[in-house]
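Just below is one structure, and these are the notes that go with it.
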Amino acid sequence: MSSGDARKKNAVEKLFALVDCNNFYASCERVFNPALRHKPVVVLSNNDGCVIARSEEAKALGIRMGVPAFEIESLLTAHGVAVFSSNYALYGDFSSRVMATLAALVPSMEIYSIDEAFLDLTGISPEGAEALAQRIRKTVLKHTGIPVGIGVAPTKTLAKIANHLAKKNKMPVCLLKGEEEITEVLQQTPVGEVWGIGRQYSAKLTARGIITAYDLSRAPEEWVRREMTVTGLRTRQELCGISCLALEEAVPARQAICTSRSFGKPQGEPGPLEEAIATFATMCAAKLRRGKSAATQMMVFIHTNAFRTDQPQYARNRVITLATPTNDSILLVKAAVEALRAIYRPGYLYKKAGVIVTGLVPEGEVQQDLFSSAETGKHRKLMESLDEVNRRYGRQTLQVATQGTTRKWRLRQEKLSPGYTTRWSDLMEIRLT
DNA sequence: TCTGGGGTCCTAGGACCC
DNA sequence: TCTGGGGTCCTAGGACCC
């Protein structure tokens with residue numbers, strides 16, 4: 001069966017759009033800082049470690065994604081690149097604005113990531129889809145200041161490819177339809193660029209002579225399934241135009257929440273480590289409460305700097321099962337510190353630590369433990385007040401004592417932009433003279 | 001001196017049960 | 001020689017994503 005025949009088997013020809021914000025973090029930094037227009041901009045990861053977003057001008061300078069900032073310091077200075085620490089409060093807020101704008105323009109959408117959304121355009125003619133995509137792009141730009149690119153195709157995987165193509169050709173919208181056009185594009189797409197094909201699979205496929213996305217769409221189904229599991233098989237079918245990945249409108253309940261950081265300076269003493277772990281535990285607790293869920297298990301991990309092969313290495317984690325599912329900061333801090341004490345060893349320089357909570361259940365369904373319910377009830381009121389204070393006066397205004405005040409472990413964040421849209425004190429001022 | 005953070009899904013294999 | 005078979009649950013590890 002040719003892929004064309006297979007496509008016809010779909011009762012209704014589906015059509016998906018992928019909307020992707022261009023260089024999202026860099027674009028956010030630009031909105032309130034027009035002086036940065038047409039200038040190279042990069043945004044660094046937490047701890048000012050690696051480059052995680054680049055404006056077009058920065059890409060043109062040859063700055064690669066993920067490159068450590070210290071390796072390109074002279075390049076950044078020489079070209080007057082504007083450098084920012086990541087400001088997730090700002091990006092999260094812009095993301096909400098973009099998504100709200102999209103939601104008002106289409107009947108059904110899936111928020112796929114902070115800067116991407118899939119839209120269902122099934123039933124719309126190719127010309128209609130193209131016009132709608134153009135309108136979406138203009139509206140988002142006008143309402144939020146964020147430029148987006150849009151790829152449209154019969155499956156999500158093909159819509160991703162259409163979106164890449166739009167970027168490559170510096171076109172705002174790319175519509176991919178019709179067997180011949182799709183075949184031609186797939187033949188020009190390296191298999192590693194396909195959504196769902198990462199480094200490992202890319203190497204394996206290339207070694208087997210599967211070089212392009214088209215080759216993968218023609219590979220024997222049995223082989224793909226055996227070597228790449230059903231996930232790989234779905235990707236193969238999607239490349240053939242058979243839609244296997246549906247639009248997921250409802251946000252599935254989280255399964256895990258993680259808070260982890262690299263330290264600005266490596267830490268050897270137990271004190272600062274405990275303060276860091278306690279802080280991560282309270283951040284997990286706050287995220288749990290915001291999502292109205294509670295955790296049944298917690299994992300605490302610490303490790304040394306793996307890049308420093310000249311130093312002794314150590315990495316351990318410890319899982320604690322909580323007697324009753326909880327989102328109480330005080331109980332979670334207690335558990336986290338206990339876990340840390342069990343795995344901490346002196347004589348190492350720790351670079352990173354984190355807390356992961358799992359086994360999440362809805363807050364309302366928690367079975368109260370007979371022996372601790374009185375304590376839990378008291379704490380609940382306290383947590384509500386804590387969240388309210390921190391919401392009003394900024395994160396970490398009220399803390400659990402174990403979090404400490406030295407913050408020796410804190411992030412390096414030397415180039416943070418203001419919280420233009422999320423902190424009253426950072427609101428932009430305009431002087432009319 | 002400096003190298004991110006937060007998620008998901010799938011499978012194989014072991015433990016355990018009847 | 002040859003040691004049941006089938007089901008469920010859990011975990012670790014490997015792959016991927018942005």
Side-chain angles (χ1 to χ4, degrees), chain A residues 18-25 42-53 64-74 76 83-88 91-92 95 110-118 156-157 160 163-164 191-205 224-235 244-245 248 251-266 276 280 283-284 287-288 291 296-297 299 301 303-311 317 319 321 349 351-360 411-415:
Chain A
L18 174 65
V19 181
D20 178 303
C21 300
N22 297 343
N23 318 322
F24 184 53
Y25 298 168
V42 300
V43 177
L44 304 180
S45 61
N46 264 327
N47 227 22
D48 294 347
C50 306
V51 171
I52 54 167
R64 281 171 303 115
M65 190 70 172
V67 69
F70 71 87
E71 282 182 14
I72 55 165
E73 224 164 273
S74 53
L76 294 174
V83 180
F84 291 93
S85 304
S86 28
N87 184 344
Y88 288 103
Y91 313 148
S95 177
E110 169 189 342
I111 298 175
Y112 176 66
S113 74
I114 194 166
D115 69 336
E116 282 172 83
F118 285 104
K156 282 179 160 184
T157 305
K160 273 268 186 189
N163 189 281
H164 286 166
V191 75
E193 283 179 19
V194 175
W195 187 40
I197 307 299
R199 281 240 299 281
Q200 305 297 324
Y201 283 149
S202 185
K204 177 186 248 176
L205 291 168
V224 174
R225 166 149 200 149
R226 196 172 59 242
E227 298 293 325
M228 305 170 68
T229 81
V230 298
T231 323
L233 185 58
R234 277 197 284 260
T235 299
C244 304
L245 303 170
E248 289 171 32
V251 186
R254 290 232 169 296
Q255 297 184 14
I257 289 173
C258 172
T259 305
S260 74
R261 295 287 183 278
S262 296
F263 304 137
K265 290 190 187 120
F280 302 157
M283 290 163 80
C284 284
K287 291 180 196 172
L288 283 168
T296 53
Q297 280 200 326
M299 183 172 92
F301 68 85
H303 63 75
T304 48
N305 186 348
F307 289 101
R308 296 295 301 266
T309 45
D310 56 323
Q311 291 177 351
N317 67 64
V319 175
T321 300
L349 284 173
K351 179 61 180 169
K352 184 172 175 177
V355 173
I356 304 171
V357 288
T358 54
L360 305 194
L411 292 176
R412 218 173 33 206
Q413 266 189 331
E414 291 170 357
K415 307 178 172 185

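Predicted model only: the values in this text are computed from it and were never measured. In what follows, chains are A, B, ... by sequence order, proteins preceding strands, each numbered from 1.
Between A:Y88 and A:Y91, the ring planes are perpendicular. Angles over 60° get that label, and only those under 30° would be called parallel. By the 30° and 60° cut-offs, the orientation of the rings of A:F263 relative to A:F280 is parallel.
Side-chain contact between A:M228 and A:I197 is present, with heavy atoms from C-beta onward closer than 4.5 Å. A heavy-atom distance below 4.5 Å is not found between the side chains of A:K351 and A:Q311.
Counting non-hydrogen atoms under 4.0 angstrom, A:V194 reaches the backbone sugars and phosphates but no base. Residue-level contact check: A:I197 touches the backbone only, with heavy atoms under 4.0 Å from sugar-phosphate atoms and none from bases. Counting non-hydrogen atoms under 4.0 angstrom, A:K265 reaches nothing in the nucleic acid. If you check every strand for non-hydrogen atoms under 4.0 Å, A:R226 touches nothing. Contacts of A:S86 with the nucleic acid, taken as non-hydrogen atoms under 4.0 Å apart, are absent. Within 4.0 Å of A:Q255, counting heavy atoms only, lie sugar-phosphate atoms of the nucleic acid but no base atom. Across all strands shown, A:E116 has heavy atoms under 4.0 Å from sugar-phosphate atoms exclusively, and none from any base. Within 4.0 Å of A:K204, counting heavy atoms only, lies no atom of the nucleic acid at all. Residue contacts shown for A:D48 are absent, as no nucleic acid heavy atom lies under 4.0 Å away. As judged by a 4.0 angstrom heavy-atom cut-off over every strand, A:I356 is placed among residues making no nucleic acid contact.
Closest approach of A:R412 and A:N47 over heavy atoms only: N-OD1, 2.9 Å.
A:S113 meets the side chain to side chain donor-acceptor pair (under 3.5 Å) test with A:D115, A:E116; sequence neighbours excluded.
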Expected output check: what is the dot-bracket annotation of DNA chain C, where ( ) and [ ] are pairs inside the strand (brackets for crossing ones), | is paired with another strand, and pairs are Watson-Crick or G-U under 3.5 Å? ....||||||||||||||

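Each of A:N47 and A:M283 was matched to the nucleotide of DNA chain B holding its nearest heavy atom; the match closer to the 5' end belongs to A:N47. Taking for each of A:T229 and A:F307 the nucleotide of DNA chain B with the nearest heavy atom, the 5'-most of the two is the partner of A:F307.
Distance noted for atom P between C:dC18 and B:dT3: 25 Å (whole Å).
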Would you sort out whether A:W195 and A:L245 count as a side-chain contact (heavy atoms from CB on, under 4.5 Å), showing the intermediate values? CA-CA 12 Å; A:W195 187 40; A:L245 303 170; 3.8 Å; yes

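The main-chain N or O of A:P266 is never found under 3.5 Å from a side-chain atom of A:N305 such that the two would form a donor-acceptor pair.
Extent of DNA chain B lying under 4.0 Å from chain A heavy atoms, first and last nucleotide in 5' to 3' order, is B:dT1 to B:dT11.
Interatomic distance, A:N163 CG to A:K156 NZ, rounded to the nearest 0.5 Å: 14.0 Å.
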